[in-house]
Amino acid sequence: MIIYLKALYSEPTRHYHTLSHVRRLLKHLDEDPRSFYDLPAVEAAIWFQNAIYDTRVTRHDNKRKSARLAVQMLTDAGVQRTRVGRIKQMIEATATHRIPTHILSIAGFRPQRTRALDPEQEYAEDLAGFLDLDLGIFGSREEEYDKYEESLRKEHAWMDNRTYRKKRREELRTLVGSSSLDSRVWDHIFYTRHFRYLYDSRARDNILRALLAIEGLGGKFEA
């Protein structure tokens with residue numbers, strides 16, 4: 001299974017959604033395994049979330065196909081049905097990085113992990129942490145974030161600049177829940193207290209720079 005997934009992540013058209021991205025997320029799990037309740041589910045979601053990645057189709061299509069592949073391979077491997085279902089939901093949630101309201105409402109986001117009595121609450125918090133982990137690049141240092149934007153552009157090399165700028169602008173505006181360049185009116189980038197405290201401010205700075213670059217008002221990378 002891992003050999004097959006590694007082959008997918010090694011496709012020559014990938015520049016950010018590669019094995020390096022997977023390994024970076026897995027490294028975070030190794031450094032702080034107590035951040036999640038169901039560590040194997042989160043690890044599987046990391047491996048499968050971008051298994052299918054084709055920039056010529058929509059993000060939703062890629063995520064649906066990646067989730068379908070996960071269900072097939074994990075079921076064949078004997079993974080418990082409930083866990084497979086949650087992994088599928090985690091993968092599909094990365095299409096928008098939004099948690100469904102009915103799941104978000106039961107997440108407690110406690111600052112320290114203790115065993116919860118309700119498995120649904122544990123899953124809700126794992127989902128929130130997983131989405132924050134996936135968006136962690138937005139809270140990275142300026143140089144690393146600029147490389148991320150450059151890598152995304154390379155993955156869309158077939159797309160003309162005008163079309164790509166429009167696409168990327170829509171993605172970033174959806175992420176912050178606003179079309180305004182005033183970051184004070186934006187939604188939170190992250191769900192968990194941990195990520196908000198450590199990375200929210202830097203993420204806002206990076207996203208604002210990216211939007212300004214797209215509008216031709218500044219930025220180091222080509223949009």
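Side chains included, hydrogens not; waters and symmetry mates left out as well; all remaining heavy atoms used. All of these numbers come straight from a predicted model, not from anything done at the bench.
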Problem set entry | Euclidean distance, Lys154 NZ relative to Thr55 OG1, rounded to 0.5 Å | 14.5 Å
For this session: Answer yes if the side chains of Thr82 and Gln80 hold a donor-acceptor pair under 3.5 Å, and no otherwise.
Result: yes
Exercise. Between Leu19 and Ser10, which heavy-atom pair has the shortest distance, and what is it?
Worked result: CD1-OG, 3.8 Å
Exercise. Does the distance from a Lys or Arg side-chain N to an Asp or Glu carboxylate O, for Asp30 and Lys27, drop under 4.0 Å?
Worked result: no
Exercise. Between the main-chain N or O of His15 and the side-chain N or O of Glu155, is there a donor-acceptor pair closer than 3.5 Å?
Worked result: yes
For this session: Mind jotting down which residue pairs meet the ring-ring contact (aromatic ring centres under 6.0 Å, His included) criterion with at least one end in residues 67-94? Sequence neighbours excluded, please.
Result: none
Exercise. Going by the angle between their ring planes, with limits at 30° and 60°, are Tyr199 and His194 parallel, tilted or perpendicular?
Worked result: perpendicular
Exercise. Which atoms form the tightest heavy-atom contact between Ala51 and Ser66, and what is the distance?
Worked result: N-OG, 3.5 Å
Problem set entry | Flag side-chain contact, heavy atom, 4.5 Å: Leu8 against Asn50 | no
Exercise. Does Tyr37 reach the main-chain N or O of Glu125 with its side chain, forming a donor-acceptor pair under 3.5 Å?
Worked result: no
For this session: Would you confirm whether Thr94, through its side chain, and His97, through its main-chain N or O, come within 3.5 Å as a donor-acceptor pair?
Result: no
Problem set entry | Thr192 OG1 to Phe130 CZ distance, which is reported to the nearest 0.5 Å | 13.5 Å
Exercise. Looking at Arg165 and Glu215, does any basic side-chain N land under 4.0 Å from a carboxylate oxygen?
Worked result: no
Seminar exercise, completed: When rounded to the nearest 0.5 Å, the distance separating CG of Leu175 from OG1 of Thr96 is 10.0 Å
Exercise. Under 3.5 Å, side chain of Thr18 to main-chain N/O of Arg14, donor-acceptor pair present?
Worked result: no
Exercise. What's the shortest heavy-atom distance between Ala70 and Ile91, and which atoms?
Worked result: CB-CD1, 3.7 Å
Problem set entry | Non-hydrogen atoms of Tyr191 and Ala128 that approach each other most closely | CB-CB, 3.9 Å
Exercise. Got Met90 and Ile46 here, is their nearest side-chain heavy-atom distance under 4.5 Å?
Worked result: no
Problem set entry | Salt bridge present between Glu92 and Lys88 (N-O < 4.0 angstrom) | yes
For this session: In sequence, state the C-alpha distance, the side-chain angles, and the governing distance for Ile214 and Leu172, and then conclude on side chain to side chain contact (heavy atoms under 4.5 Å, CB included).
Result: CA-CA 10 Å; Ile214 290 170; Leu172 293 172; 4.0 Å; yes
Exercise. Considering only heavy atoms from C-beta outward, does the side chain of Ile87 approach that of Val42 to under 4.5 Å?
Worked result: no
Problem set entry | Heavy-atom side-chain contact between Thr163 and Asp160 under 4.5 Å | yes
For this session: For the residue pair Tyr16 and Tyr148, categorise the inter-ring angle as parallel (less than 30°), tilted (30 to 60°) or perpendicular (more than 60°).
Result: perpendicular
For this session: Supply the atom-to-atom distance Lys63 NZ to Thr58 OG1, rounded to the nearest 0.5 angstrom.
Result: 11.0 Å
Exercise. Is it true that the side chains of Tyr123 and Gln89 contain a donor and an acceptor less than 3.5 Å apart?
Worked result: yes
Exercise. Which salt bridge (Lys or Arg N to Asp or Glu O under 4.0 Å) pairs, counting each pair once, include a residue from residues 72-85, with sequence neighbours left out?
Worked result: Asp38-Arg83
Problem set entry | Donor-acceptor contact below 3.5 Å, side chain Tyr145 vs main chain Ile137 | no
Problem set entry | Flag for Asn206-Arg209: side-chain donor and acceptor within less than 3.5 Å | yes
For this session: Examine Arg202 relative to Phe138 and say whether NZ or CZ is less than 6.0 Å from the centre of the six-membered ring and inside a 45° cone about the ring axis.
Result: no
Problem set entry | Presence of salt bridge, Glu122 and Arg86, under 4.0 angstrom | no
Problem set entry | Gap between atom NE2 of His28 and atom CG of Asp134 - 0.5 Å precision | 12.0 Å
For this session: First locate atom CG of Leu212, then atom CD1 of Ile207, and finally report the distance between them rounded to the nearest 0.5 Å.
Result: 12.0 Å
Exercise. Where do Arg24 and His21 land on the side-chain hydrogen bond (donor to acceptor under 3.5 Å, both in side chains) test, with the steps shown first?
Worked result: CA-CA 5 Å; Arg24 183 168 58 251; His21 175 55; 3.2 Å; yes
Exercise. Under a 4.5 Å cut-off applied to non-hydrogen side-chain atoms, are Lys6 and Val22 in contact?
Worked result: no
Exercise. Any side-chain donor-acceptor pair under 3.5 Å between Arg153 and Asn161?
Worked result: yes
Problem set entry | Of all pairs that satisfy ring-ring contact (aromatic ring centres under 6.0 Å, His included), the ones with a partner from residues 45-69, not counting sequence neighbours | His17-Tyr53
Problem set entry | Note: Lys147-Glu143 ion pair, threshold 4.0 Å (strictly below) | yes
For this session: Give the C-alpha distance, both sets of side-chain angles, the deciding distance and a yes or no for side chain to side chain contact (heavy atoms under 4.5 Å, CB included) between Gln121 and Asp126.
Result: CA-CA 9 Å; Gln121 186 178 36; Asp126 276 357; over 6 Å; no
Problem set entry | Minimum-distance pair of heavy atoms, taken over all atoms of Ala77 and Met1 | CB-CE, 3.9 Å
For this session: Indicate yes or no: at least one non-hydrogen side-chain atom of Leu29 is less than 4.5 angstrom from one of Leu133.
Result: yes
Exercise. Does the pair Arg168 and Glu171 meet the rule for a salt bridge (charged side-chain N to carboxylate O under 4.0 Å, His left out), with working shown?
Worked result: CA-CA 5 Å; Arg168 190 60 180 152; Glu171 290 173 347; 2.9 Å; yes
Exercise. Would Leu152 end up clustered with Val57 when hydrophobic side chains under 4.5 Å apart are linked, directly or stepwise?
Worked result: no
For this session: Could you check if a side-chain atom of Phe195 sits within less than 4.5 angstrom of a side-chain atom of Asp200, using non-hydrogen atoms only?
Result: no
